[in-house]
Number of protein chains: 2
Amino acid sequence: MTDTAPRPTLEAVAERAGVSRATVSRVVNGAQGVRDALAERVRRAVEELGYVPNQAARSLVTRRHDAVAVVAAEPETRVFADPYFAQQLRGISKELTAHDSQLVLLLTEGREDHARVGRYLAGGHVDGALVFSLHLDDPLPGLVRGAGLPTVFGGRPGWDEGRDDVVYVDSDNRGGARDAVRHLVGLGRTRVAHITGPLDQTSAADRLAGFHDVRPDADAGLVAGGDFTSGGGERAMRELLDRRPDLDAVFAANDLTAAGALRVLRERGRRVPDDVAVVGFDDMLPVAEETDPPLTTVRQDIEGMGRLMARLLLRGLERDARPGRDAGAPAEAPSGTILPTTLVRRASA
Amino acid sequence: MTDTAPRPTLEAVAERAGVSRATVSRVVNGAQGVRDALAERVRRAVEELGYVPNQAARSLVTRRHDAVAVVAAEPETRVFADPYFAQQLRGISKELTAHDSQLVLLLTEGREDHARVGRYLAGGHVDGALVFSLHLDDPLPGLVRGAGLPTVFGGRPGWDEGRDDVVYVDSDNRGGARDAVRHLVGLGRTRVAHITGPLDQTSAADRLAGFHDVRPDADAGLVAGGDFTSGGGERAMRELLDRRPDLDAVFAANDLTAAGALRVLRERGRRVPDDVAVVGFDDMLPVAEETDPPLTTVRQDIEGMGRLMARLLLRGLERDARPGRDAGAPAEAPSGTILPTTLVRRASA
DNA sequence: GACGGTGGCGAGAGCGCTCTCTCCCGTCCT
DNA sequence: AGGACGGGAGAGAGCGCTCTCGCCACCGTC
């Protein structure tokens, strides 16, 4: 069954409606300057024939694709370790849908894939790219720049700090971390520890920076390295307890880390929050709600980040499409857009 | 910066290499019948010019797109509630990449989106579709059939049971459930309860069926309705304990449900697994590992499902492309492919 | 040495669409 | 009433590629 039926072309519609191809094209693309009577006839013909424009033919001449690539390094990030990326995708998808754009997903597994992605992007299959680049030394951003495609990054890229032609969207990791630590301090805690994430990711580095903003004189013994996993959280928590048995609060770089820390604290007989208060980051569900006790944490609007990324890109594309076709980075928009975070209070702090 | 540079065309390469367009095309597409010397000259020209074929132009004539749509109903399924879908995507992506196909992600939010998706699929933008349709009354499958596109479903579709032109991949929900319940029985438990998932999803229905396979005479009081969430698990567990305080085992339809049940059991002072043994389903990480006690559960190869779906689809496409162009469902492959599950023993049973 | 065969290459015709340019006809102005 | 004007519609030229033909040179055959 199926595609043997040749799909109707513009030509066929034109013939049926008794007009020229140009007129059908005008109607289909919602252009002005077609008398209502004719337009109606065309619309009916389209309906009857079940005509759907051939995107390939259209792209060939317009050079637009109504498609956007989403590029993500798959294994090395937490991208698939939690619903984080999925939620961003959701936001992106909603926004793209609203603009009739398609979402082409490019997942890279490793170095070998980079060439493929570069080729694809350079191949002019998409109008723009949304790139998730969480690592400092990620080659992806370079590739994308090379492809000369309008691009918006997800998460602050670690390289070229000062450049303002780099558009990215991030949540306020540093500010959120400050809020978390201030909350602990506000609780009267004086020996606040921090378990970091992998510091080659800007989100982890920024959270550490936020910690230091509030505790500039923190004993180095109060900072332990984690890796955004609960196993890492356990390890770091043990380390901290050994070094500083007197600690009375922990700010964990994310919820998974906090969950691991919580387990170790219980195992060592510390009561949470009485003896040690714990704050996480992400408000990753269901983990944050189901720890024991439920986790006080910093929530970020992940879906909102996705939406915003897409919106910035699309806006840039629209701008480019219009007058002085000089394309490039979707400027004008604030080059780095930081979304606020909110502290969610549960039982752990 | 950027795309102002006109990308080189076949023509340009041909001119530079001093051959015809046809020859360049042959070389680029790896066809036979070009003498090595010439081919080499062409390759060099391609290299020098940085030529990348224009996919739109190519599709226009070949009617192939080297792209596959992945369609998923986003809100109503657990698709984004856990990393389940993400893992399938990962598997799909790997397989598609290996075949040089792109992944176009179509997320639907509700009814309004169906028309859009239908139009897109019918619009001949992609060579085939992978559809996740977990609900009995999902209109998506109908749409896809209407579009006349080769399609593979993820999860057993609830409708048209007997049809063998429907290709789908699912894990062995029923068999896995049987294993789980048998395990509990093997532990000497005699009053085994089951918390179901939403029964309009085939996976939940199949797991219930598996439960009944092993416990055909189970008291109806031993079955409570859940919804694949931990909240639902809590509610159902309370209900079960009220109705049958003597129960000594619970098979939960998924891990989240089991996590909820575990919490209620603890709250009610039942020891797990001593008083009540608990088995989940999915081996959803990190949840399954981080419950207290860690969860015995049924693992399914989720990424493998994704890979297999993609593989079946691509195989079907290849077949169609060849001789009697009669397209349609990628037949020949077993129409329903069921992947095995394995029981993962942890502390809860 | 003339013949058919074969394999390498080029010419050219589209694929389905958009978009400019031109033509035509109705309207308004004088 | 005649001419200038303008808006609506059609003709036609591509967009960059693939693929079928047909040409030509070169091989082997008798």
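Lettering of chains follows the sequences in order, A, B, ..., and the numbering in each one begins at 1.
In this structure, CZ of B:R21 is placed 13 Å from C1' of D:dT20, rounded to the nearest angstrom.
With hydrogens and angles disregarded, no donor-acceptor distance shorter than 3.5 Å links the side chain of A:T23 to the backbone of A:V19. Distance alone, capped at 3.5 Å, places no donor-acceptor pair between the A:D127 side chain and the A:R64 backbone. A donor-acceptor pair is defined here as one N or O able to donate and one able to accept, closer than 3.5 Å; such a pair exists between the side chain of A:H99 and the backbone of A:E95. Judged purely by atom type and a 3.5 angstrom limit, A:S25 has no side-chain atom pairing as donor or acceptor with the backbone of A:R21. The main-chain N or O of A:A17 is found under 3.5 Å from a side-chain atom of A:R41 such that the two form a donor-acceptor pair.
At least one side-chain heavy atom of A:V24 sits less than 4.5 Å from a side-chain heavy atom of A:V42. With a 4.5 Å cut-off on side-chain heavy atoms, B:F85 and B:V70 count as touching. In this structure, A:Q88 and A:E303 have side chains that are not in contact, with every pair of non-hydrogen atoms separated by 4.5 Å or more.
Each end of the helix from C:dG5-D:dC26 to C:dT30-D:dA1 gets its own rotation axis from five pairs of C1' atoms, and the angle between them is 50° to the nearest 10 degrees.
When each of B:T23 and A:P53 is assigned the nucleotide of DNA chain C with its nearest heavy atom, B:T23 is the one assigned upstream, toward the 5' end.
Protein chain A touches strand DNA chain C; the 5'-most and 3'-most nucleotides with an atom under 4.0 angstrom of its non-hydrogen atoms are C:dG16 to C:dC19.
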